[in-house]
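Counting starts at 1 for both ligands and their atoms, following the listed order.
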Amino acid sequence: MAIQFTSWGAARQVTGSMHLLRFSDGFTVLVDCGLVMGGRSQDPLFGFEPTSIDLVILTHAHMDHSGRLPELVREGYKGEILCTEPTLELSALLLRDSAHLQAKRMASDQHGRGKGRKKGEQAFKKLAHRLEQDAEHCLRSFHALRINKTYRIRENLRLRFIPCSHLLGAVSVYLEIDDSGRTTRFGFSGDLGRFGYPGLPDPAPFPEVDYLICESTYGGIQHKETRPAADVVLGMIRDALGQEGGKLIVPAFSVGRTQAFLMILHQLFEKGLLPEEVPVFVDSPMAILSTEVYRNMEDWLSQEARNMIKMYGDVFSFERLRFVQNMGQSRKIAADYRPSILVSASGMLDGGRIHTHLKEQLQNPKACILFIGYLAEGSLGRQLADGASHVTVDGRTVMVRAKLCYTDIFSGHADHRGLMDFATKTSKDVLKQIFLVHGEPDRMEDLAQDLRNQGYRVELPLRGQVFELD
Ligand SMILES: [Zn+2]
């Protein structure tokens with residue numbers, strides 16, 4: 001008998017992380033339980049019996065790692081969900097929000113708009129109630145552990161969370177399992193972040209392992225920008241606002257990116273590098289809530305961020321900043337052509353308050369859309385970045401006259417070099433196997449090639465493929 005490893009999600013694709021370890025005594029651990037995002041089809045079945053899982057470990061709060069946990073609990077999972085404190089707090093926000101969005105989508109798929117609307121509204125309320133109950137039920141199983149501390153979970157399993165700087169509270173997972181008369185060490189990278197990310201402490205060193213399950217999102221890709229984030233943002237703001245006064249619109253994910261961008265803006269304002277009269281708006285209800293979580297988790301922020309709290313009382317708020325409270329304010333700001341900086345969600349323009357602004361400002365040649373995150377194939381953001389002259393926003397065709405720009409400085413993922421550094425921490429003589437997950441096939445191949453060239457054994461698991469590890 002041996003330990004078995006199986007990837008049930010993020011196998012040769014980026015989203016839907018779900019990895020399973022089964023010990024020879026039958027004890028079964030699931031690391032992450034994420035949704036498949038970006039319009040790709042979701043397998044309605046897990047591929048395993050939810051009742052057969054004994055323990056869930058969650059690396060971070062992003063929905064592609066946590067989004068199917070409510071379903072897992074509804075289908076019979078009864079154990080704990082171990083994570084860090086910020087992951088618990090952010091998951092509570094995101095899972096509740098996701099329940100609401102899913103219900104909306106399902107009700108509109110079933111009943112459409114127009115005629116069946118009333119029926120649709122009733123169906124929405126019922127679904128929303130059920131999905132929200134599922135989320136609440138699942139959140140009661142969350143249990144927060146500290147980082148860099150070894151926990152004995154059961155007689156033959158020890159666990160340590162190691163911060164990886166991808167998102168507030170995000171960790172890589174280190175496991176020691178005594179099985180079949182020996183100790184085997186496992187590493188799960190989770191999503192690997194970067195050194196020097198605004199607001200977050202750097203990734204901590206990861207121990208040697210026998211088996212590594214490593215993400216590969218940026219395999220073969222190097223981050224291009226080497227200047228400090230503040231310099232990049234300052235240059236872009238100056239270009240966007242220009243001589244005649246333009247408007248800068250920043251689509252950003254509400255959790256993580258928005259806070260990083262606000263921290264940099266705050267620094268620029270404090271240094272007097274931005275025009276005092278230009279207001280900054282954050283228009284995203286989720287960003288307001290998640291910024292509050294960041295604010296309450298001072299211990300989890302970088303030293304630089306904590307120094308800002310000492311000096312200015314806050315990292316993410318400053319005098320020129322306004323959090324937009326309602327749709328009425330949102331529409332008013334969208335229709336105002338005076339110079340301003342606006343941060344709104346969603347980052348890929350797939351929905352959210354940003355649509356109100358796009359409908360008005362995409363046709364404004366003095367506006368500039370600054371993309372600071374990943375733009376998935378098929379998203380509205382990608383259409384714009386690819387140079388579309390017209391796009392459809394909420395059913396309305398809008399001409400694109402605004403300027404578009406992009407920076408990778410706020411990307412929350414390590415690039416090829418960062419992934420290589422992480423994966424090769426254990427020498428090839430000790431590391432028995434690297435499993436690459438969480439990447440498009442081309443990106444995985446690029447990373448696999450480089451690792452194999454250095455003598456490492458690399459597998460790219462298929463969904464459901466069982467590996468016997470001895
Ligand atoms: Zn993530």
Hey, what do you get for CD1 (Ile409) to CD (Glu225), rounding to the nearest 0.5 Å?
-> 5.0 Å

Got a second to check how far Asp408's CG is from Asp415's CG, nearest 0.5 Å?
-> 8.5 Å

Around the Zn ion (ligand 1), what protein N, O or S atoms are found below 2.8 Å?
-> His60 NE2, His62 ND1, His166 NE2, Asp191 OD2

Going by heavy atoms in the side chains, are Leu69 and Tyr77 under 4.5 Å from each other?
-> no

Spacing of CG belonging to Leu55 relative to CD belonging to Glu80, to within rounding of 0.5 Å | 7.5 Å

Report the residues that fulfil side-chain contact (heavy atoms from CB on, under 4.5 Å) with Glu176, sequence neighbours left out, ordered by chain and then residue number.
-> Arg158, Tyr174, Thr183, Arg185

More than 12 foreign heavy atoms under 6.0 Å from NZ of Lys432: is that the case here?
-> yes

